[in-house]
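Structure, as structure tokens:
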Amino acid sequence: MVIAIALCGGKSSRMGRDKALLELNGESLLAKTCRTALTVSDSMFIVARSQKQFQEAIASLTISPESTRTISQSPQLVIDQKFDGALVGFWQGMEAIANSLTYQPDWILLLACDLPNLQDEILQTWVSQLRDLPSRAIAYLPRSVDQHSQKQWEPLCGFYRWQCRDSLKEFIKNGGRSFQKWLANQEVMEIENAPRSMLVNCNTPEEFAAIAKRSNPN
């Protein structure tokens, strides 16, 4: 069983406006993230700064009637109480799941809210591969090469085993706030050949303008 968490508690300082509310083809980026995630998950939790942000961002959300695997098709709001980065936002989402559900999921699909090229077919393929992962692996994530030609994990577009909660809690308790540093001491399996385009996010108005132009060339 997979539960999805979307993070949209960031300040969007480089963008200059809320990235979750940016629209492509009449749909906010967060609504697209939710709609796509719900094709592979049983319910959806959104870590947001406020009720207002949440309601505005999912106003354009439409869920296909063919999406029958979802137990709860209405995304559930988790107010970000900490404003302390994505790792803590992830922890708050997991705590909300633990307090809200009467069962434990097998995996968490963690997504940023600003992935305009997210594809449900690719996510479905990745989900089908989860059963073949070794039990010691706590995450299944893509990797990319940074500006220093070093490989690093893409932590906001992949899967985490529910049992990672213990190590995550301990890492945060000890002051850790970096996904890369936490994952460096964990068993993580790489999603090979992940499409680079699907990992592209929007950080500046120029980047979003280029993505919007490609999505609607006319």
Legend entry - Test item: C164 and M94 side chains (from C-beta on) under 4.5 Å apart, heavy atoms: yes

Inset, instruction - Take the angle between the ring planes of W182 and F171 and call it parallel below 30°, perpendicular above 60°, tilted in between. - result: tilted

Validation: residues 120-135 side-chain donor-acceptor distances under 3.5 Å, sequence neighbours left out:
residue	atom	partner	partner atom	Å
T125	OG1	E121	O	3.2
S128	OG	T125	O	2.5
Q129	OE1	Y140	OH	2.5
R131	NH1	S128	O	3.0

Legend entry - Sidechain N-carboxylate O distance under 4.0 Å for R35, E27: yes

Inset, instruction - Group every Ile, Leu, Val, Met, Phe, Trp and Tyr by side-chain heavy-atom contacts under 4.5 Å, then state whether M1 and L110 land in the same group. - result: yes

Inset, instruction - Would you indicate whether the side-chain heavy atoms of Y103 and I3 approach each other to under 4.5 Å? - result: yes

Inset, instruction - With rounding to the nearest 0.5 Å, note down the distance linking CD in Q152 to OG in S144. - result: 5.0 Å

Legend entry - Pairwise side-chain contact, I138 with Q163, heavy-atom cut-off 4.5 Å (strictly under): no

Legend entry - Result of checking L109, V78, L156, I97 against I5 for side chain to side chain contact (heavy atoms under 4.5 Å, CB included): I97

Legend entry - For Y160, the option from W91, W153, F90, W107 that meets ring pair (Phe, Tyr, Trp, His ring centres under 6.0 Å): F90

Inset, instruction - Of all the heavy-atom pairs spanning N117 and S197, show the shortest one and how long it is. - result: ND2-O, 2.9 Å

Inset, instruction - Assess whether side-chain contact (heavy atoms from CB on, under 4.5 Å) is satisfied between I172 and L87, documenting all intermediate values. - result: CA-CA 8 Å; I172 292 174; L87 193 71; 4.0 Å; yes

Inset, instruction - Look at the side chain of D80 and the backbone N and O of K82, then say whether any donor-acceptor pair between them is shorter than 3.5 Å. - result: yes

Inset, instruction - Would you sort out whether E154 and L141 count as a side-chain contact (heavy atoms from CB on, under 4.5 Å), showing the intermediate values? - result: CA-CA 6 Å; E154 292 287 347; L141 303 172; 5.8 Å; no

Legend entry - Spacing of NZ belonging to K19 relative to CD belonging to E207, to within rounding of 0.5 Å: 8.5 Å

Inset, instruction - Would you give the length of the straight line joining atom CG of L168 to atom CD of Q186, rounded to the nearest 0.5 angstrom? - result: 9.0 Å

Inset, instruction - For residues R49 and I79, report the shortest heavy-atom separation together with the two atoms involved. - result: O-CG2, 4.0 Å

Legend entry - D106 bridged to R161 by N-O distance under 4.0 Å: no

Inset, instruction - Assess whether side-chain contact (heavy atoms from CB on, under 4.5 Å) is satisfied between Q92 and Q81, documenting all intermediate values. - result: CA-CA 8 Å; Q92 291 180 90; Q81 303 286 348; 3.6 Å; yes

Legend entry - Minimal non-hydrogen separation, P116 against L24, with atom names: CB-CD1, 3.5 Å

Inset, instruction - Quick one: do R177 and V88 satisfy side-chain contact (heavy atoms from CB on, under 4.5 Å)? Show the steps, please. - result: CA-CA 7 Å; R177 295 295 184 270; V88 175; 3.6 Å; yes

Inset, instruction - Find the distance between SG (C8) and CG (L29) and round it off to the nearest 0.5 Å. - result: 10.5 Å

Legend entry - From CD (E95) to OG (S100), nearest 0.5 Å: 10.5 Å

Inset, instruction - Kindly give the heavy-atom pair with the smallest separation between L183 and P155, and that separation in Å. - result: CD1-CB, 4.3 Å

Legend entry - Donor + acceptor pair across side chains of E23, S28 (<3.5 Å): no

Legend entry - Least distance between heavy atoms, M198 atom then Q119 atom: SD-N, 3.4 Å

Inset, instruction - Answer yes or no: does atom CG of N193 have more than 12 heavy-atom neighbours from other residues, nucleotides or ligands under 6.0 Å? - result: no

Inset, instruction - Return the minimal non-hydrogen interatomic distance between L111 and C157, and the atom names on each side. - result: CD2-CA, 3.9 Å

Legend entry - Beyond-backbone contact of P142 with E190, side-chain heavy atoms, under 4.5 angstrom: no

Legend entry - Donor-acceptor under 3.5 Å (T39 side chain, T36 main chain): yes

Legend entry - Gap between atom CG of L115 and atom CG of N201 - 0.5 Å precision: 6.5 Å

